[in-house]
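Throughout, a chain's letter reflects where its sequence line sits, starting with A, and its residues are numbered from 1.
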Amino acid sequence: MRIATWNVNSIRTRKGRVIDFLQNHDIDVLAMQEIKCKTEQFPFEEFEEAGYEVIAHGLNQWNGVAFASRLPIEDAVEGFENMPGFGKPAEDGTLPLEARALGATIEGVRLWSLYVPNGRELAHPHYTYKLEWLKALREDTAARRESHPEEPIALMGDFNIAPLDIDIWDPEFFVGKTHTSQPERDAFNAFLEDGMLDVTRELGIEGYTYWDYQQLRFPRNEGMRIDFVLGNPEFFELVSAAEIARDERKGDGPSDHVPVIVELDTETSLDDDMPMIF
DNA sequence: ATGACTAAGCGTCTTAGA
């Protein structure tokens with residue numbers, strides 16, 4: 001089974017490129033972030049024609065997460081336990097929940113498509129929201145591992161954190177900004193301390209996953225590594241290969257992020273590769 | 001070439017991205 005995660009930065013603008021990517025890279029499951037549309041605005045038909053079932057969770061023009069899959073999708077859930085909200089409080093004082101998390105089980109693997117809040121500025125309420133959001137995600141993941149001890153789990157998506165200085169072209173540029181602050185890095189590392197594994201890092205894969213549209217960032221290779229697949233040991237055991245699809249930043253109309261691909265040796269793919277011996 | 005930001009809304013500017 002080949003799975004991938006990609007911040008597509010508007011699925012309506014990018015649908016052609018995304019479907020081409022699925023076909024060219026033989027992807028079974030794609031976790032998407034920043035679909036930038038309401039659920040009903042998702043271009044479901046194009047994906048169905050290409051052989052993919054889609055579940056989407058979008059509330060407005062911001063954020064939005066989805067899965068496209070050639071394999072059956074089970075137990076889909078929007079958001080996670082105690083996920084904080086952001087924005088204008090409702091009458092009862094609660095903050096509106098955003099479309100940043102979608103969970104689903106495929107081939108017995110629990111997958112999440114996650115778009116971690118940006119944070120905006122260190123002094124902005126969005127930054128506090130980012131840290132609280134990650135804390136709640138960590139707790140939800142720990143609880144799931146407790147209740148489903150054998151289950152492979154992967155947190156896939158745009159974490160909006162560059163965990164190491166090598167994950168950005170110029171650490172100095174980010175002093176006083178979000179994405180590299182110690183509290184954000186601590187929040188990311190907390191998942192690793194809990195035993196989650198950063199799949200591309202563990203496999204020694206180098207490179208950025210994001211380049212700003214401005215300032216010739218891509219031609220100059222001034223990027224950031226902020227998109228990750230974090231798997232529990234049960235998931236990592238299945239991993240046979242991974243790749244950052246850097247070429248997806250090239251050409252006409254790219255997203256500012258590129259896909260991260262992970263290949264798994266699940267029973268289905270083993271069966272496919274297994275010689276027929278009786 | 002990978003080339004000087006992009007996307008969506010009710011919109012000709014604002015918000016958000018990072």
Side-chain angles (χ1 to χ4, degrees), chain A residues 5-18 20-21 32-43 56-66 85-88 95-96 98-100 113-131 133-134 157-185 187-188 206-228 244-260:
Chain A
T5 181
W6 194 3
N7 179 323
V8 297
N9 186 19
S10 171
I11 193 57
R12 286 178 289 176
T13 297
R14 220 73 65 203
K15 59 192 177 189
R17 273 192 83 125
V18 172
D20 285 349
F21 165 76
M32 288 169 269
Q33 301 87 39
E34 280 210 90
I35 61 171
K36 284 189 167 174
C37 65
K38 296 177 186 177
T39 299
E40 61 267 27
Q41 295 173 309
F42 194 101
H57 173 39
L59 298 171
N60 50 44
Q61 72 268 45
W62 307 120
N63 318 307
V65 282
F86 185 81
K88 186 184 163 200
L95 301 179
E98 298 186 307
R100 295 180 175 275
S113 180
L114 302 168
Y115 180 43
V116 176
N118 170 292
R120 300 185 188 169
E121 294 166 25
L122 298 182
H124 197 284
H126 210 259
Y127 179 77
T128 314
Y129 168 51
K130 181 180 194 173
L131 297 177
W133 198 94
L134 286 163
D158 176 359
F159 282 74
N160 269 319
I161 298 170
L164 303 176
D165 276 352
I166 57 167
D167 298 332
I168 42 178
W169 83 95
D170 181 9
E172 286 297 309
F173 183 86
F174 285 90
V175 173
K177 296 189 175 79
T178 59
H179 292 64
T180 63
S181 72
Q182 199 56 53
E184 288 167 282
R185 287 178 167 177
F188 184 90
E206 297 179 350
Y208 302 132
T209 64
Y210 162 88
W211 298 260
D212 199 307
Y213 287 122
Q214 303 187 53
Q215 314 265 158
L216 290 172
R217 292 292 186 221
F218 186 55
R220 293 177 168 148
N221 197 29
E222 296 175 345
M224 306 173 77
R225 183 182 180 110
I226 54 179
D227 299 88
F228 299 95
I244 296 171
R246 189 178 189 280
D247 285 355
E248 286 300 327
R249 188 64 176 76
K250 301 178 181 177
D252 291 331
S255 170
D256 42 3
H257 295 252
V258 295
V260 178

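A distance of about 15 Å separates the C1' atoms of B:dT12 and B:dA7, rounded to the whole Å. Comparing B:dA4 with B:dG9, their C1' atoms are spaced 26 Å from each other, to the whole Å. Straight-line distance between the P atoms of B:dA18 and B:dT6: roughly 15 Å, to the nearest whole Å. Spacing of P atoms, B:dA16 relative to B:dC10, comes out at 14 Å, to the nearest Å.
Put simply, CZ on A:R220 is 12 Å from C1' on B:dT2, counting in whole angstrom units. A:E222 has its CD atom 14 Å from the P atom of B:dA4, to the nearest Å.
Between A:R14 and A:N221, the residue anchored nearer the 5' end of DNA chain B, judged by the nucleotide with its closest heavy atom, is A:N221.
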>> Strictly under 4.0 angstrom, non-hydrogen atoms only: write out the protein contact profile of nucleotides 8-18 of chain B, one letter per nucleotide from the 5' end, B, S or -.
In response: SS-----BSSB

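Taking the ring-ring contact (aromatic ring centres under 6.0 Å, His included) definition, one finds that A:F174 meets it with A:W169, sequence neighbours left out. With sequence neighbours left out, A:E121 forms a salt bridge (charged side-chain N to carboxylate O under 4.0 Å, His left out) with no residue at all.
Using a distance-only test at 3.5 Å, with no hydrogens or angles considered, a donor-acceptor pair links the side chain of A:R220 to the main chain of A:Q215.
A:E40 CD: more than 12 foreign heavy atoms inside a 6.0 Å radius.
Two rings, from A:H126 and A:Y129, have their centers less than 6.0 Å apart.
The aromatic rings of A:H257 and A:Y210 sit tilted relative to each other, their planes meeting at an angle between 30° and 60°.
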